[in-house]
Amino acid sequence: MSNLANKVVWITGASSGIGEALAINYSKRGAKVILSSRREEELNRVANSCSGETFCQVLDLSKTDDFERIVNTILNRFKRIDILINNGGISQRSEASKTTLEVDRKLMEVNYFGTVALTKAVLPVMQNQKGGHFVAISSLSGKFGFFLRSAYSASKFALVGFYESLRLEEEKNNINVSIVFPGFVLTKISQNALSGDGQKHGLLDNNQKGGISAEKCASDIIKGVQKEKHQIISGGAEKWGVLIHRLFPRFFYKILRKKSGN
Ligand SMILES: NC(=O)c1ccc[n+]([C@@H]2O[C@H](COP(=O)([O-])OP(=O)(O)OC[C@H]3O[C@@H](n4cnc5c(N)ncnc54)[C@H](OP(=O)(O)O)[C@@H]3O)[C@@H](O)[C@H]2O)c1
């Protein structure tokens, strides 16, 4: 897509899964890609699979005090930021009754506050350049709750409230906002998910095993962002849950009760 040539696209969570697939796909389309997450070697590995100009910027979503400095580093190098994809995040695999409040806070800290803080650090840049696009990766768990996901689902619902409001406020500055709701995607999200005591879950869940590929999800996201869609839903059969939930809520929860959280 030629209108992506030389666009500056910043992706968090670019060291793995959906973020990795987004980085590779955007770079193939001619975008300059900034890759961020905590693990530098993994970012370098992904950057080596990209085709065009890339820049690896280590960033921890729970260390928001660093963001102003990091945004300045990016601006000094690229002069602008066209698209920020807020993709970095962690999941949960534990019932609410067995989850410490510390874990609830950790999920909100990374998935919600870290994401919002980075967006707030980039917002003045997009306001000054009179244009830009924020993309927030929520989840189908940001549409309805699910087993073993109380804190995760809450963090993904919270993103929806923030970014829908931001879209209304920033339309006047030619700033777009797309919110993405992936279903099950085959990545390391379940291995990296937190158990109730904060330990890593460490297992590949059946739901993820049967999920769509990260490449398919990335391609759906890129197409949706190009079309400036407000909502992008990506997944297998589970994505129909959004419609069924809206039209036939009782029937929806009857089906959902029979599903497993892993
Ligand atoms: N896979 C699914 O089924 C699914 C479904 C719905 C939504 N999602 C969402 O999609 C996004 C990407 O997840 P994924 O499926 O690709 O999982 P993944 O393979 O586990 O990737 C998660 C990414 O987030 C980064 N990350 C985690 N904690 C971070 C922190 N504190 N600071 C900065 N980066 C951090 C990780 O990098 P480092 O470890 O290097 O920091 C990694 O690059 C997440 O927001 C997830 O909630 C996934």
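Quick note: numbers below take in every heavy atom, side chains included, and nothing from hydrogens, waters or symmetry partners. Order of appearance sets the numbers: ligands from 1, and atoms from 1 within every ligand.
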Practice task
Report, in ascending order of atom number, the atoms of ligand 1 lying under 4.0 Å from any heavy atom of Ser138.
Solution key: 7 (C)
Completion exercise
Of all protein heavy atoms, the one nearest atom 15 (O) of ligand 1 is Thr187 OG1, 2.6 Å
Problem - Modelled atom types, side-chain donor and acceptor of Glu171 and Asn176, under 3.5 Å - result: no
Fill in the blank from the handout: Filtering Glu42, Arg38, Glu238 for the heavy atom nearest atom 28 (N) of ligand 1 leaves Arg38
Practice task
Considering only non-hydrogen protein atoms, determine which one is nearest to atom 19 (O) of ligand 1 and report residue, atom name and distance to 0.1 Å.
Solution key: Ser16 OG, 2.5 Å
Handout entry: Numbered atoms of ligand 1 (with element) below 4.0 Å of Leu59, judged on heavy atoms
Key = 32 (N), 33 (C)
Practice task
Please determine if Val110 has a nitrogen or oxygen closer than 3.5 Å to a nitrogen or oxygen of ligand 1.
Solution key: no
Practice task
Could you check if a side-chain atom of Leu123 sits within less than 4.5 angstrom of a side-chain atom of Ile175, using non-hydrogen atoms only?
Solution key: yes
Practice task
State yes or no: are the ring centers of Tyr253 and Phe144 separated by less than 6.0 Å?
Solution key: no
Problem - Identity and distance of the protein heavy atom lying nearest atom 32 (N) of ligand 1 - result: Leu61 N, 2.8 Å
Handout entry: Nearest atoms (heavy-atom pairs only) where Glu20 meets Ser15
Key = OE1-O, 3.9 Å
Exercise for the section: Report yes or no: do Ser141 and Ser153 form a side-chain donor-acceptor pair below 3.5 Å? Expected result: no
Handout entry: Proximity winner for atom 4 (C) of ligand 1, if only heavy atoms of Gly114, Ser139, Gly183 are counted
Key = Gly183
Problem - Ser190 heavy atom under 4.0 Å from ligand 1 - result: no
Problem - atom 47 (O) of ligand 1: the protein heavy-atom neighbour that sits closest, reported with distance to 0.1 Å - result: Tyr152 OH, 2.6 Å
Exercise for the section: Look only at the side chain of Ser27 and the backbone of Ser51, and say whether a donor-acceptor pair between them is shorter than 3.5 Å. Expected result: yes
Problem - Min side-chain heavy-atom separation His133-Glu228 under 4.5 Å - result: yes
Exercise for the section: Look at ligand 1 and say whether Gln191 reaches it with a heavy atom at a distance under 4.0 Å. Expected result: no
Completion exercise
ligand 1 atoms nearer than 4.0 angstrom to some heavy atom of Ile137 are 9 (C), 10 (O)
Problem - ligand 1 N/O within reach of Ile90 N/O, cut-off under 3.5 Å - result: no
Practice task
Flag the pair Thr115 / Tyr163 as yes when at least one side-chain heavy-atom distance between them is below 4.5 Å, and no otherwise.
Solution key: yes
Practice task
Measure the distance from atom 13 (O) of ligand 1 to every protein heavy atom, then report the residue, atom name and distance (to 0.1 Å) of the closest one.
Solution key: Ile189 CD1, 3.7 Å
Practice task
Return yes or no for this condition: an N or O of Ser62 is under 3.5 Å from an N or O of ligand 1.
Solution key: no
Handout entry: Contact check: Gly19 vs ligand 1, nitrogen or oxygen atoms, below 3.5 angstrom
Key = no
Exercise for the section: With atom 34 (N) of ligand 1 as the reference point, say which of Ser37, Gly142, Ser91 has the nearest heavy atom. Expected result: Ser37
Exercise for the section: Sequence neighbours left out, what passes salt bridge (Lys or Arg N to Asp or Glu O under 4.0 Å) with Arg93? Give chain and number order. Expected result: Asp205
Exercise for the section: Could you see which bit of Asn192 sits under 4.0 Å from ligand 1, with heavy atoms only: side chain, backbone, both or neither? Expected result: side chain
Handout entry: Lys106 and Asp104 ion-paired at < 4.0 Å
Key = no
Problem - Identity of the nearest option to atom 36 (C) of ligand 1, non-hydrogen atoms only, from Gly88, Ser15, Ala14, Gly235 - result: Ser15
Completion exercise
Among Ile221, Ile212, Leu140, Asp60, closest by heavy atom to atom 31 (N) of ligand 1 is Asp60
Problem - Element-labelled atoms of ligand 1 that are located less than 4.0 Å from some non-hydrogen atom of Lys188 - result: 19 (O), 20 (O)
Problem - Asn87 (side chain) donor-acceptor with Ile137 (main chain) under 3.5 angstrom - result: no
Handout entry: Close side-chain approach of Gln92 to Thr99, heavy-atom, < 4.5 Å
Key = yes
Practice task
If the plane angle is over 60° it's perpendicular, under 30° parallel, otherwise tilted; pick one for Phe146 and Phe184.
Solution key: tilted
Practice task
Within a distance under 4.0 Å of any heavy atom of Phe184, pick out the atoms of ligand 1 and give their elements.
Solution key: 3 (O)
Fill in the blank from the handout: ligand 1 to Asn87, heavy atom cutoff 4.0 Å, flagged ligand atoms 10 (O), 11 (C), 12 (C), 44 (C), 45 (O)
Exercise for the section: Using a strict 4.0 Å cut-off to heavy atoms of Gly17, name the atoms of ligand 1 that fall inside it. Expected result: 16 (O), 19 (O)
Exercise for the section: Run the contact test for Gln208 against ligand 1 with a 4.0 Å cut-off on heavy atoms, strictly below, and give the result. Expected result: yes
Completion exercise
shortest atom 22 (C) of ligand 1-to-protein heavy-atom contact is with Gly89 O, 3.7 Å
Problem - Polar contact flag, side-chain donor to acceptor under 3.5 angstrom, Glu170-Asn173 - result: yes
Problem - Phe181 heavy atom under 4.0 Å from ligand 1 - result: no
Exercise for the section: Please tell me if the side chains of Leu118 and Leu59 come closer than 4.5 Å, counting only heavy atoms from C-beta onward. Expected result: yes
Exercise for the section: Starting from atom 23 (C) of ligand 1, locate the nearest protein heavy atom and write down its residue, its atom name and how far away it is, to 0.1 Å. Expected result: Gly13 CA, 3.7 Å
Handout entry: Candidate pair Asn262 and Gln208, rule side chain to side chain donor-acceptor pair (under 3.5 Å), full reasoning
Key = CA-CA 8 Å; Asn262 18 53; Gln208 257 63 47; over 6 Å; no
Practice task
Measure the distances from the heavy atoms of Thr12 to every atom of ligand 1 and state whether one is below 4.0 angstrom.
Solution key: no
Handout entry: Element-labelled atoms of ligand 1 that are located less than 4.0 Å from some non-hydrogen atom of Ile18
Key = 10 (O), 15 (O), 16 (O), 48 (C)
Handout entry: Modelled atom types, side-chain donor and acceptor of Ser62 and Asp60, under 3.5 Å
Key = yes
